[in-house]
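These notes concern the structure reproduced below.
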Number of protein chains: 4
Amino acid sequence: MSTLAGSAQKQLKQIVEQIERLEEEKKALSADIRDKYLEAKGLGFDVKVLRQVVRLRKKSHVERQEEQTVLEVYLHALGMLDEMKAVESEVERMIAAE
Amino acid sequence: MSTLAGSAQKQLKQIVEQIERLEEEKKALSADIRDKYLEAKGLGFDVKVLRQVVRLRKKSHVERQEEQTVLEVYLHALGMLDEMKAVESEVERMIAAE
Amino acid sequence: MSTLAGSAQKQLKQIVEQIERLEEEKKALSADIRDKYLEAKGLGFDVKVLRQVVRLRKKSHVERQEEQTVLEVYLHALGMLDEMKAVESEVERMIAAE
Amino acid sequence: MSTLAGSAQKQLKQIVEQIERLEEEKKALSADIRDKYLEAKGLGFDVKVLRQVVRLRKKSHVERQEEQTVLEVYLHALGMLDEMKAVESEVERMIAAE
DNA sequence: CACTGGAAAATGCCGC
DNA sequence: GCGGCATTTTCCAGTG
């Protein structure tokens with residue numbers, strides 16, 4: 001038949017409600033995170049870059065290096081690596097100047 | 001200058017840590033939700049359908065409000081809050097007239 | 001190794017250039033669309049409302065298909081293509097029963 | 001009154017249709033671009049990195065440098081710059097080794 | 001020029 | 001284990 005047994009129906013309802021409860025909590029946390037970024041913005045931080053930092057910290061050092069390496073190979077193939085190198089030496093300079 | 005003031009540096013650290021804390025909690029909730037679906041699956045429910053049910057319920061919750069909002073924009077744009085009926089049928093007609 | 005073979009390098013260049021070409025065309029179309037809205041504005045239409053009309057029409061085009069898809073999933077999951085009516089009302093009931 | 005004059009109505013219809021036509025073309029281009037990436041993937045390229053390359057080429061050298069600088073300041077504040085530096089010297093090595 | 005909302009991209013999940 | 005689909009996140013254009 002095409003309807004669920006009464007017990008199954010109850011189970012289903014419970015499960016759906018529990019899931020919805022969890023999703024609400026998750027949504028609330030998303031809002032909190034968004035607020036944190038806004039707070040940071042209010043303090044003068046660059047939100048976009050801040051997100052980048054959080055993302056970078058999530059990735060392990062190894063992953064980062066791997067991805068970076070592939071990128072450099074491609075840029076090199078396109079003759080764009082010299083340009084990038086200029087940016088990086090600027091960074092080097094910054095580090096040295098501290 | 002190329003470095004943050006000590007106070008800003010502390011703020012930044014705090015913010016990043018708070019964000020990471022919140023993201024962990026969020027991730028834990030995602031895991032809980034996934035587990036709920038697995039539990040349901042163990043009870044014989046079709047997970048894909050279950051997800052669709054949850055999605056549908058969410059949509060029907062949200063959508064009414066949205067449609068209301070759209071209508072309000074129309075009413076506002078046309079500046080005729082007391083000729084609702086006419087506006088609505090005009091909109092219907094425009095959409096239908098493809 | 002850290003460099004691409006000559007052939008791969010050529011391929012990469014070609015692909016990147018083709019993508020960039022396509023993105024330019026896409027950008028040009030975006031500009032055309034923007035111009036159309038401006039033209040409409042010049043003729044006295046309310047651009048915001050006009051955008052909403054276009055969006056609504058798109059949605060109503062897409063949404064039917066989606067709903068169809070949802071229905072198909074249900075039918076499939078329940079393996080009862082010839083008891084459609086029963087399934088539909090079951091779904092309605094489940095959604096309504098919040 | 002709440003209905004458009006016949007002429008305005010015709011204009012509106014035309015404009016909407018023209019816009020929809022343009023949006024379809026735009027959508028087709030998006031599909032073409034997606035296909036290009038898939039083609040590249042078939043040839044063994046890393047799509048994610050490829051997208052990054054295209055993005056980088058779009059940004060001017062100056063923009064790139066500015067954004068990079070802010071990022072480095074934040075990473076420095078978090079004591080993450082040494083790590084990153086290691087990655088970059090790896091790149092340096094690659095460049096030297098060619 | 002900050003905000004909102006919509007498009008595109010990245011990620012995660014499920015099936016095979 | 002991978003490829004496709006759905007969700008989530010990120011980005012960008014348009015608006016006030």
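Both backbone and side-chain heavy atoms feed into the values below; hydrogens, waters and symmetry mates do not. In what follows, chains are A, B, ... by sequence order, proteins preceding strands, each numbered from 1.
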For the pair made of [atom1] in [X] and [atom2] in [N], what is the distance, rounded to whole Å?
X	N	atom1	atom2	answer
Tyr37(C)	dG5(E)	OH	C1'	14 Å
Leu56(A)	dT10(F)	CG	P	13 Å
Leu29(B)	dT7(F)	CG	C1'	16 Å
Lys58(D)	dT10(F)	NZ	P	18 Å
Asp32(C)	dA13(F)	CG	C1'	16 Å
Ile33(C)	dC12(F)	CD1	P	18 Å
Ile19(A)	dC13(E)	CD1	C1'	14 Å

Under-4.0 Å salt bridge between Lys27(B) and Glu23(B):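 No salt bridge links Lys27(B) with Glu23(B).
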Could you check Leu38(D) against Arg55(A) and say which one's nearest nucleotide on DNA chain F is further toward the 5' end?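 Looking at DNA chain F, the more 5' nearest nucleotide goes with Leu38(D).
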Which comes earlier along DNA chain F counting from the 5' end, the contact point of Arg51(C) or that of Glu23(A), where each point is its nearest nucleotide?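 Result of the comparison: Glu23(A).
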Can you confirm whether Val16(B) sits close enough to Leu50(A) that some side-chain heavy atom of one is under 4.5 Å from a side-chain heavy atom of the other?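 Counting from C-beta outward, Val16(B) and Leu50(A) do come under 4.5 Å.
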Determine whether Val49(A) and Val73(D) make a side-chain contact, defined as any pair of heavy atoms from C-beta on separated by less than 4.5 Å.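 Counting from C-beta outward, Val49(A) and Val73(D) never come under 4.5 Å.
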Just grab all the side chain to side chain donor-acceptor pair (under 3.5 Å) pairs involving residues 35-51 of chain D, residues at least two apart or on different chains.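 Sorted pair list: Gln18(C)-Lys36(D), Lys36(D)-Glu39(D).
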Tell me whether the OP1 or OP2 atom of [N] has a side-chain N or O from [X] closer than 4.0 Å.
X	N	value
Ser30(A)	dT8(F)	no
Lys48(B)	dG4(F)	no
Lys41(A)	dC3(E)	yes

Of Gln52(D) and Val47(B), the one whose closest DNA chain E nucleotide lies more 5':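 Result: Gln52(D).
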For Arg34(B) and for Lys26(D), locate the closest nucleotide of DNA chain E by heavy-atom distance; then report the residue assigned to the nucleotide nearer the 5' terminus.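 Looking at the nearest nucleotide for each, Lys26(D) comes out on the 5' side.
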Please give me the minimum heavy-atom distance between Lys26(D) and Ser30(C), naming the atom from each residue.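 For Lys26(D) versus Ser30(C), the nearest heavy atoms are CE-OG, 3.2 Å.
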